[in-house]
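We name chains A, B, ... by the order of the sequence lines, and we start the count at 1 in each one.
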Protein chains: 2
Amino acid sequence: MLSASPEKSLSDRIYRQLREDIIAGRLLAGAKLKLEGLMQDYSVGMSPLREALARLIGDRMVVTEAQRGFWVAPLSIEELNDITRVRTLLETEAISASITHGDAQWMARVTQTFTELAEIEAQLPRTAESLPAHLLETWEQKNRAFHAALVSAAGSPITIRFRDQLYQQSERYRRVSLAVSRGWRSVSDEHLAIYEAVRDRNVLRACKMTEIHLTRTAEEVRKAFAQLEATERSSA
Amino acid sequence: MLSASPEKSLSDRIYRQLREDIIAGRLLAGAKLKLEGLMQDYSVGMSPLREALARLIGDRMVVTEAQRGFWVAPLSIEELNDITRVRTLLETEAISASITHGDAQWMARVTQTFTELAEIEAQLPRTAESLPAHLLETWEQKNRAFHAALVSAAGSPITIRFRDQLYQQSERYRRVSLAVSRGWRSVSDEHLAIYEAVRDRNVLRACKMTEIHLTRTAEEVRKAFAQLEATERSSA
DNA sequence: TGTCAATATAATTTCGAAATTTTTGTGCGG
DNA sequence: CCGCACAAAAATTTCGAAATTATATTGACA
């Protein structure tokens, strides 16, 4: 989909690497980001590292306190709720506009990404326990591509940008959730419902299905967090 | 309103200074930002300067191209239209939520900021020609405070953050517009209409008046830009 | 034993210059 | 006169270390 990343500068490369590592949970929420350590781990100097962190602050992936350093942005149920609310607003708006203005090429892109996503989801096991990492990565990529395709004809770069930012933040929550989750619920059915509504250019139904999809996903995350907290309490 | 900026680090100070200078138009849209020159002008070293620029990229105040440097983000009618559309969406959503959830303290803040804004607007001359710079600065501050107060009880940090970003971008356009504008139109009346609707907790009317206000402001900017282009063509 | 000040340690922030890359300028050949 | 290779200049990007600030440790005193 996207052309191979430019990564013309070290600063750019580190920015993307850090972002991926935070989203994937390899850098844990709330963890202190020690500059010395990061320089070693990512093999860069101070300057590009700090530039990358400055950009991640804008993405809300990193938080900072003057003279005290950087931390991976913490996760909270309150933030999850806010992300879900605003993302629903932007995503339904963008899908409406896409359905209204999208041409045949857009629809082909939607169909293509949906087909690829459905193919992966057919292979998913019932429980997350046995999920190989490479399958999860592939699913994440296909899921992102499908949702991106849906809104891609909105004709509003700003809506797209804000939505992308919220999508990335959501992904952090979803990954934590999947690590303790009991399964894949009816995600596949929800994607199908969205796809069919969009294919039929049924704006109202597409929005409703999208809202349901995002709400249910958030609900899963809340459950996983509750379970996680219970585990922590019992081990303490 | 806001407490005195922390500015605990040089990087922070430069970030704010550059942002203000871009918004106020002291750094012109599209201008090349030469690092050597900025280091001189703002009396800082390379590191904090580049960190500040990295953050401004996230705010869409600066654009960059790897190995080629930084520029003040350009202005365009297309972007103005997009900003206005998305800002209307977020601002009406936030005002609705504020009216629904806002308490007496919130309403007091709205009344206070409106009163202060109305006071300034009563002093505004009919034409922008004779407007002293300090009055413009005061108006900008009061206008920002009023619009911020309106949405401040929305209970959605993310909506507020996105709205703030779009407000800042809008301000750039508005300042260019005022530099060639013929007057202050009925801004004061529009603010009054919004205030009264909010005071009466009339959600629908508050949203409608907000939409009208933002749409008319954008229209003024478009006119100013058209006039500016005409001037440029005749002088070329 | 607990608290506070003084000191040592560790971490962040900033500077200045070296290394890369792009841009500009120059001269040669077609 | 135009285009192209090549060298010079200018600008960006990166490194490494000095300066500054926060944190931890120690020891004295109540």
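The aromatic rings of A:H147 and A:Y167 sit tilted, their planes meeting at an angle between 30° and 60°.
A:E36 places its CD atom 8 Å from the P atom of C:dT12, with the value rounded to the nearest Å. The separation between A:Q40 atom CD and D:dC15 atom C1' is 15 Å, rounded to whole Å. One atom, CZ of B:R13, and another, C1' of C:dT13, lie 14 Å apart when rounded to the nearest Å. With rounding to whole Å, A:I14 atom CD1 is found 13 Å from D:dT13 atom C1'. Atom-to-atom, CE of A:M39 to P of C:dA11 comes out at 13 Å; the value is rounded to the nearest Å. Remark: P of D:dT20 and CG of B:D12 are 19 Å apart, rounded to the nearest angstrom. Here the C1' atom of nucleotide C:dG16 and the CG atom of B:L35 are 14 Å apart, to the nearest Å.
Of the residues in residues 62-71 of chain A, A:Q67, A:R68 come within less than 4.0 Å of DNA chain D through at least one heavy atom, sorted by number. For residues 42-59 of chain B, proximity to DNA chain C is found at B:V44, B:G45, B:S47, B:P48, defined as any non-hydrogen atom under 4.0 angstrom from a strand atom.
For the pair A:L18 and A:F70, the minimum side-chain heavy-atom distance is 4.5 Å or more. With a 4.5 Å cut-off on side-chain heavy atoms, A:I57 and A:L53 do not count as touching. You'll find the side chain of B:Y173 stays beyond 4.5 Å of the side chain of B:T84, heavy atoms only. By the 4.5 Å heavy-atom criterion applied to side chains, B:R172 and B:I83 are not counted as neighbours.
Looking at A:S47 and B:R50, their side chains never bring a donor and an acceptor atom within 3.5 Å of each other.
Under 4.0 Å is where a charged nitrogen must lie from a carboxylate oxygen, and between B:R85 and B:D82 at least one such pair does.
Within the 4.0 Å cut-off from OP1 or OP2 of D:dA22, at least one side-chain nitrogen or oxygen of B:K8 is found. Between B:K32 and D:dA10 there is no side-chain N or O to OP1 or OP2 distance below 4.0 Å.
Residues A:A154 and A:I160 come closest through the heavy atom pair CB-CD1, 4.4 Å.
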Taking only distance into account, with no hydrogens and no angle test, what donor-acceptor pairs under 3.5 Å do side-chain atoms of residues 22-38 of chain A form with protein atoms, sequence neighbours excluded?
from: A:R26; atom 1: NE; to: A:D21; atom 2: OD1; distance (Å): 2.7
from: A:R26; atom 1: NH2; to: A:D21; atom 2: OD1; distance (Å): 2.8
from: A:K32; atom 1: NZ; to: A:R68; atom 2: O; distance (Å): 3.3

